[in-house]
Visitor: 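Take a look at this one; I'll ask things after.
These numbers were taken from a predicted model, which means no experiment stands behind them.
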Amino acid sequence: MITFEKIRATVTRYLKANFNGLQVSSKSFKDGFARSSFKVELDNVKREAHLTQVERACTVRIFYFPKDENDYSIELLDVQEKLGDLFDLKFSIEDRHLDINEPNFDEIDGVLQFEFDLQFFDGREYENEDIGIEDEIKNGKEFYEKYPIELMGELVEEGD
(Lines give C-alpha, C1' and ligand atoms only; values in the text may rest on other atoms or scores of the structure.)
Protein backbone atom coordinates (compact mmCIF):
# COMPACT_ATOMS: atom_id res chain seq x y z
CA MET A 1 0.00 0.00 0.00
CA ILE A 2 1.29 3.45 -0.90
CA THR A 3 1.10 5.93 1.97
CA PHE A 4 1.39 9.70 1.83
CA GLU A 5 4.54 9.43 3.92
CA LYS A 6 6.08 7.16 1.26
CA ILE A 7 5.16 9.65 -1.46
CA ARG A 8 6.90 12.48 0.38
CA ALA A 9 9.97 10.33 1.12
CA THR A 10 10.22 9.25 -2.54
CA VAL A 11 10.00 12.85 -3.80
CA THR A 12 12.74 13.81 -1.32
CA ARG A 13 14.91 10.90 -2.48
CA TYR A 14 14.43 11.91 -6.16
CA LEU A 15 15.48 15.48 -5.39
CA LYS A 16 18.57 14.45 -3.39
CA ALA A 17 19.66 12.02 -6.11
CA ASN A 18 19.24 14.48 -8.98
CA PHE A 19 20.37 17.72 -7.35
CA ASN A 20 23.69 16.75 -5.76
CA GLY A 21 24.50 18.52 -2.55
CA LEU A 22 21.21 20.41 -2.18
CA GLN A 23 19.35 20.13 1.09
CA VAL A 24 15.70 19.03 1.16
CA SER A 25 14.01 20.49 4.23
CA SER A 26 10.85 19.60 6.07
CA LYS A 27 11.02 22.53 8.49
CA SER A 28 8.41 25.26 8.59
CA PHE A 29 9.14 28.43 6.61
CA LYS A 30 9.10 30.44 9.83
CA ASP A 31 12.06 28.36 11.08
CA GLY A 32 14.10 29.65 8.16
CA PHE A 33 15.66 27.84 5.23
CA ALA A 34 19.04 27.41 3.59
CA ARG A 35 19.84 28.81 0.16
CA SER A 36 19.90 26.94 -2.20
CA SER A 37 17.53 24.21 -1.03
CA PHE A 38 14.21 22.47 -1.57
CA LYS A 39 11.14 22.07 0.60
CA VAL A 40 8.51 19.39 -0.07
CA GLU A 41 4.89 19.54 1.10
CA LEU A 42 1.78 17.50 0.43
CA ASP A 43 -1.47 19.42 0.16
CA ASN A 44 -5.12 18.64 -0.68
CA VAL A 45 -4.65 15.18 0.81
CA LYS A 46 -7.70 13.00 0.17
CA ARG A 47 -8.61 9.48 1.25
CA GLU A 48 -11.96 8.07 0.24
CA ALA A 49 -12.96 4.54 1.18
CA HIS A 50 -14.94 2.25 -1.10
CA LEU A 51 -16.03 -1.33 -0.45
CA THR A 52 -13.14 -3.02 -2.24
CA GLN A 53 -10.59 -0.23 -2.55
CA VAL A 54 -9.36 3.08 -1.15
CA GLU A 55 -8.94 6.14 -3.35
CA ARG A 56 -6.05 8.43 -2.44
CA ALA A 57 -5.10 11.77 -3.93
CA CYS A 58 -2.80 14.66 -3.08
CA THR A 59 -0.96 17.65 -4.49
CA VAL A 60 2.83 17.42 -4.28
CA ARG A 61 4.31 20.89 -3.87
CA ILE A 62 8.06 21.51 -4.22
CA PHE A 63 9.63 24.86 -3.33
CA TYR A 64 13.11 25.82 -4.54
CA PHE A 65 14.99 28.63 -2.82
CA PRO A 66 17.75 29.95 -5.14
CA LYS A 67 21.27 30.68 -3.96
CA ASP A 68 21.05 34.45 -4.53
CA GLU A 69 17.77 36.06 -3.50
CA ASN A 70 18.38 39.05 -5.80
CA ASP A 71 19.78 37.50 -8.99
CA TYR A 72 17.98 34.22 -9.60
CA SER A 73 16.21 34.18 -12.98
CA ILE A 74 18.66 31.89 -14.86
CA GLU A 75 19.03 29.60 -11.83
CA LEU A 76 15.25 29.19 -11.55
CA LEU A 77 14.97 28.37 -15.27
CA ASP A 78 17.65 25.67 -14.93
CA VAL A 79 15.98 24.11 -11.89
CA GLN A 80 12.57 24.35 -13.56
CA GLU A 81 13.88 22.42 -16.58
CA LYS A 82 15.40 19.69 -14.37
CA LEU A 83 12.25 19.35 -12.27
CA GLY A 84 10.14 19.13 -15.42
CA ASP A 85 12.33 16.28 -16.69
CA LEU A 86 12.39 14.51 -13.31
CA PHE A 87 8.62 14.63 -12.76
CA ASP A 88 7.48 14.33 -16.37
CA LEU A 89 4.63 11.89 -17.00
CA LYS A 90 4.91 9.20 -14.33
CA PHE A 91 5.86 9.09 -10.68
CA SER A 92 7.40 5.72 -9.78
CA ILE A 93 6.92 4.54 -6.22
CA GLU A 94 7.47 0.99 -5.02
CA ASP A 95 6.33 -1.21 -7.93
CA ARG A 96 3.78 1.27 -9.29
CA HIS A 97 3.86 4.12 -11.79
CA LEU A 98 1.35 6.86 -11.01
CA ASP A 99 0.22 9.47 -13.54
CA ILE A 100 1.40 13.01 -12.87
CA ASN A 101 -1.57 15.31 -13.37
CA GLU A 102 -1.64 19.08 -13.90
CA PRO A 103 2.04 19.96 -13.37
CA ASN A 104 2.46 23.66 -12.80
CA PHE A 105 5.39 26.03 -12.20
CA ASP A 106 5.13 29.40 -10.55
CA GLU A 107 7.63 31.92 -9.23
CA ILE A 108 6.57 33.86 -6.16
CA ASP A 109 8.90 36.41 -4.55
CA GLY A 110 11.98 34.75 -6.02
CA VAL A 111 10.99 31.22 -4.95
CA LEU A 112 10.20 28.58 -7.57
CA GLN A 113 7.10 26.56 -6.80
CA PHE A 114 6.39 23.34 -8.70
CA GLU A 115 3.27 21.29 -8.03
CA PHE A 116 1.51 18.29 -9.49
CA ASP A 117 -1.42 16.06 -8.53
CA LEU A 118 -1.41 12.33 -7.88
CA GLN A 119 -4.49 10.10 -7.72
CA PHE A 120 -4.50 6.33 -7.27
CA PHE A 121 -6.44 3.41 -5.83
CA ASP A 122 -5.26 0.75 -3.40
CA GLY A 123 -7.15 -2.51 -2.93
CA ARG A 124 -8.37 -3.32 0.56
CA GLU A 125 -6.52 -6.02 2.44
CA TYR A 126 -8.68 -8.71 4.03
CA GLU A 127 -7.70 -11.05 6.84
CA ASN A 128 -8.65 -14.20 4.92
CA GLU A 129 -7.45 -13.84 1.33
CA ASP A 130 -8.82 -17.30 0.40
CA ILE A 131 -12.39 -16.02 0.69
CA GLY A 132 -13.47 -13.66 -2.05
CA ILE A 133 -15.18 -10.35 -1.37
CA GLU A 134 -18.48 -11.71 -2.72
CA ASP A 135 -18.42 -14.58 -0.20
CA GLU A 136 -17.65 -12.19 2.64
CA ILE A 137 -20.57 -9.97 1.66
CA LYS A 138 -23.00 -12.90 1.41
CA ASN A 139 -21.89 -14.83 4.48
CA GLY A 140 -19.68 -12.66 6.65
CA LYS A 141 -21.21 -11.27 9.81
CA GLU A 142 -17.77 -9.95 10.75
CA PHE A 143 -17.57 -8.16 7.42
CA TYR A 144 -20.87 -6.38 8.06
CA GLU A 145 -19.69 -5.34 11.50
CA LYS A 146 -16.40 -4.05 10.10
CA TYR A 147 -17.91 -2.36 6.99
CA PRO A 148 -21.58 -1.57 7.65
CA ILE A 149 -23.56 -1.39 4.42
CA GLU A 150 -27.22 -1.63 3.49
CA LEU A 151 -28.30 -4.20 0.95
CA MET A 152 -30.85 -3.13 -1.66
CA GLY A 153 -33.50 -5.28 0.05
CA GLU A 154 -32.91 -3.48 3.34
CA LEU A 155 -33.53 -0.02 1.95
CA VAL A 156 -36.86 1.41 3.04
CA GLU A 157 -38.75 3.56 0.60
CA GLU A 158 -40.31 6.50 2.35
CA GLY A 159 -43.93 7.30 1.49
CA ASP A 160 -45.18 10.12 -0.68
Visitor: I need the Leu118 CG to Glu102 CD distance, nearest 0.5 Å.
Guide: 11.5 Å
Visitor: Tell me the closest heavy-atom pair linking Phe4 and Cys58, and the distance in Å.
Guide: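 Shortest heavy-atom separation between Phe4 and Cys58 comes out as CE2-CB, 3.9 Å.
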Visitor: Is there side-chain contact between Val60 and Leu42, with heavy atoms separated by less than 4.5 Å?
Guide: yes
Visitor: Assess the residue pair Leu83 and Phe19 against the criterion (side-chain contact (heavy atoms from CB on, under 4.5 Å)); give the C-alpha distance rounded to whole Å, side-chain angles, the decisive distance to 0.1 Å, and a yes or no.
Guide: CA-CA 10 Å; Leu83 285 172; Phe19 292 90; 4.0 Å; yes
Visitor: If we only count heavy atoms from C-beta on, is the Leu112 to Tyr72 side-chain gap below 4.5 Å?
Guide: no
Visitor: Mind checking the CZ-CG spacing from Arg61 to Asp117? Nearest 0.5 Å is all I need.
Guide: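 Reported value, rounded in 0.5 Å steps: 9.0 Å.
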Visitor: Is there a side-chain contact between Lys16 and Thr12, using heavy atoms and a 4.5 Å cut-off?
Guide: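 Contact flag for Lys16/Thr12 side chains = yes.
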Visitor: What's the verdict on side-chain contact (heavy atoms from CB on, under 4.5 Å) for Asp85 and Asn18, showing C-alpha distance, side-chain angles and the deciding distance?
Guide: CA-CA 11 Å; Asp85 290 341; Asn18 289 278; over 6 Å; no
Visitor: Would you indicate whether Glu81, at its atom CD, is surrounded by more than 12 heavy atoms from other residues, nucleotides or ligands within a distance under 6.0 Å?
Guide: no
Visitor: Honestly curious: do Ile2 and Tyr14 fall in one hydrophobic cluster under the side-chain, below-4.5 Å linking rule?
Guide: yes
Visitor: Nearest 0.5 Å, what's the CD-OG distance between Glu41 and Ser25?
Guide: 10.0 Å
Visitor: Pair up each side-chain donor or acceptor in residues 64-71 with any protein partner under 3.5 Å, not counting sequence neighbours, and list the distances.
Guide:
residue : atom : partner : partner atom : Å
Tyr64   : OH   : Glu75   : OE2          : 2.4
Asp68   : OD1  : Asn70   : N            : 2.8
Asp68   : OD1  : Asp71   : N            : 3.4

Visitor: Indicate, with yes or no, if Val45 and Val54 share a hydrophobic cluster defined by side-chain heavy-atom contacts under 4.5 Å among Ile, Leu, Val, Met, Phe, Trp and Tyr.
Guide: no
Visitor: Can you tell me if Glu48 has over 12 outside heavy atoms packed within less than 6.0 Å of its CD?
Guide: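 Buried by this count: over 12 neighbours within 6.0 Å.
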Visitor: To the nearest 0.5 Å, what is the distance between OG1 (Thr59) and CD (Gln119)?
Guide: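 One gets 11.0 Å once the value is rounded to the nearest 0.5 Å.
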Visitor: Does any non-hydrogen side-chain atom of Leu22 lie less than 4.5 Å from one of Leu15?
Guide: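 A side-chain contact under 4.5 Å is absent here.
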Visitor: Determine, for Arg96 against Asp122, whether the closest basic-nitrogen to carboxylate-oxygen distance falls under 4.0 angstrom.
Guide: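 Counted as a salt bridge, because a side-chain N and a carboxylate O are separated by less than 4.0 Å.
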Visitor: Is any side-chain heavy atom of Phe87 closer than 4.5 Å to one of Ile62?
Guide: yes
Visitor: Between Met1 and Arg56, is a side-chain contact (heavy atoms from CB on, under 4.5 Å) present by the stated rule, with each step listed?
Guide: CA-CA 11 Å; Met1 176 172 64; Arg56 298 179 197 277; 2.8 Å; yes
Visitor: Mind checking whether Val24 and Phe63 sit in one hydrophobic cluster, side chains of I, L, V, M, F, W, Y counted as touching below 4.5 Å?
Guide: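 No, because Val24 and Phe63 fall into different hydrophobic clusters, even though each may have its own neighbours under 4.5 Å.
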Visitor: Give me the ring orientation class for Phe114 and Phe105: parallel if the planes are under 30° apart, tilted from 30 to 60°, perpendicular past 60°.
Guide: parallel
Visitor: Using residues 88-95 as the side-chain source, report each donor-acceptor pair under 3.5 Å to any protein atom, sequence neighbours left out, with the distance given to one decimal.
Guide:
residue : atom : partner : partner atom : Å
Lys90   : NZ   : Asp99   : OD1          : 2.3
Ser92   : OG   : His97   : ND1          : 2.7
Glu94   : OE2  : Lys6    : NZ           : 2.8

Visitor: To the nearest 0.5 Å, tell me how far Gln53 CD sits from Leu51 CG.
Guide: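 That separation rounds to 9.5 Å.
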